[in-house]
Amino acid sequence: MIAVKTPEEIALMRESCGIVKETLDFVGRNIRAGMTTKDVDGLVYRYITSCGARPSSLGYGGFPASACVSVNEVVVHGIPSDRAILDGDIVSVDITAEKNGFNGDAARTFLIGNVSEEKRRLVKVTEECFFKAIEGLKAGVPLYDIGYAVQTHAESHGYGVVRALVGHGIGRDMHEDPSVPNYGKKGTGMRLKAGMTICIEPMINMGTWKVNFNREDGWTVTTADGLPSAHYENTVLIKDDGVEILTL
Ligand code: MF3
Ligand code: CO
Ligand code: CO
């Protein structure tokens with residue numbers, strides 16, 4: 001079942017999403033080489049709780065932290081640890097916050113210090129994939145047009161589009177229907193309705209689209225070839241005449 005949110009629910013979504021956006025801005029102002037990924041998690045926990053919200057990731061399916069912090073070859077779901085962030089790294093920070101029963105979810109990939117031209121381009125194209133996906137997006141558009149736009153842009157740069165993880169609906173739960181893949185055939189899938197709230201989150205690899213799941217920690221997803229990966233995510237409201245990006 002795909003929920004269409006009422007105006008009251010959308011107002012609450014806007015508030016949670018605003019907190020997520022502010023938290024990511026705060027991380028962006030403070031993240032630097034020499035910090036550990038655990039330090040980043042601490043920033044996220046403190047900021048979200050100071051807003052009277054709850055970090056939804058903490059305890060979600062047993063996840064042990066408030067943020068997913070994914071460095072270089074880690075695609076998503078990096079568990080904050082004593083890994084030091086180094087000059088030249090790209091670090092994706094993905095957070096979900098819940099307030100008044102509704103969730104916001106967004107991710108940014110931060111450039112740390114002197115980042116190679118190659119990695120900068122990957123991060124830039126990953127962000128562009130999101131904006132290509134929302135071009136012309138509105139009620140009535142087929143769902144898989146989103147993935148088609150992401151895939152077309154990423155592959156035109158020779159990058160790999162992660163298949164094993166997808167975007168999703170969001171609301172009272174962090175993950176709701178529908179699944180929102182980053183690949184797909186134009187003109188297919190259900191037609192979006194006004195009032196749906198979905199997370200569009202391209203995960204783009206410099207090399208192969210194939211990924212590995214860490215069996216020991218149960219979470220960390222890495223690229224199969226060890227090349228870097230970037231992630232960019234926003235929570236988006238579908239409207240009759242376009243979209244509203246709730247986390248931007
Ligand atoms: N924020 C992630 C997403 O974009 C999910 C977080 S997984 C968790 O869907 F385990 F950290 F909660
Ligand atoms: Co997320
Ligand atoms: Co998400």
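We count ligands from 1, going down the list as the structure has it; atoms in each ligand are counted the same way. Note that the structure is predicted; figures quoted are calculated from it, not measured.
Between the side chain of K5 and the backbone N or O of M13, no donor-acceptor pair lies under 3.5 Å. Side-chain atoms of D89 never come within 3.5 Å of backbone atoms of V91 as a donor-acceptor pair (strictly under, hydrogens ignored). Without hydrogens or angle criteria, R108 side chain to E233 main chain gives a donor-acceptor distance under 3.5 Å.
Salt bridge status for E73 with R83: present, with a side-chain N to carboxylate O gap under 4.0 Å. Checked for salt-bridge contact, K21 and D25 meet the test: a charged N lies under 4.0 Å from a carboxylate O.
Heavy-atom neighbours of F110 CZ from other residues, nucleotides or ligands within 6.0 Å: above the threshold of 12.
Contact atoms of ligand 1 toward E233: 4 (O) (distance under 4.0 Å to a heavy atom of the residue). Residue contact check: T96 has heavy atoms under 4.0 Å from atoms 1 (N) of ligand 1.
For atom 9 (O) of ligand 1, the closest non-hydrogen atom on the protein side is H175 NE2, 2.7 Å. Shortest contact from atom 3 (C) of ligand 1 to any protein heavy atom: D105 OD2, 3.3 Å. What sits closest to atom 2 (C) of ligand 1 on the protein, heavy atoms only, is D94 OD2, 3.2 Å.
N234 and T247 are linked by a side-chain donor-acceptor pair at a separation below 3.5 angstrom, with hydrogens and angles left out of the test.
Any N or O atom pair closer than 3.5 Å counts here, and E201 shares at least one such pair with ligand 1. For ligand 1, the polar-atom distance check against H168 finds a nitrogen or oxygen pair separated by under 3.5 Å.
When all heavy atoms are compared, the tightest approach of A67 to F63 is O-CE2, 3.5 Å. Nearest heavy atoms, P142 versus T188: CB-O, 3.3 Å.
For the Co ion (ligand 3), the set of protein N/O/S atoms nearer than 2.8 Å consists of D105 OD2, H168 NE2, E201 OE2, E233 OE2, ordered by chain and number.
At least one heavy atom of C68 sits less than 4.0 Å from an atom of ligand 1.
Hydrophobic side-chain contacts under 4.5 Å tie M174 into a cluster, directly or through other members, with Y60.
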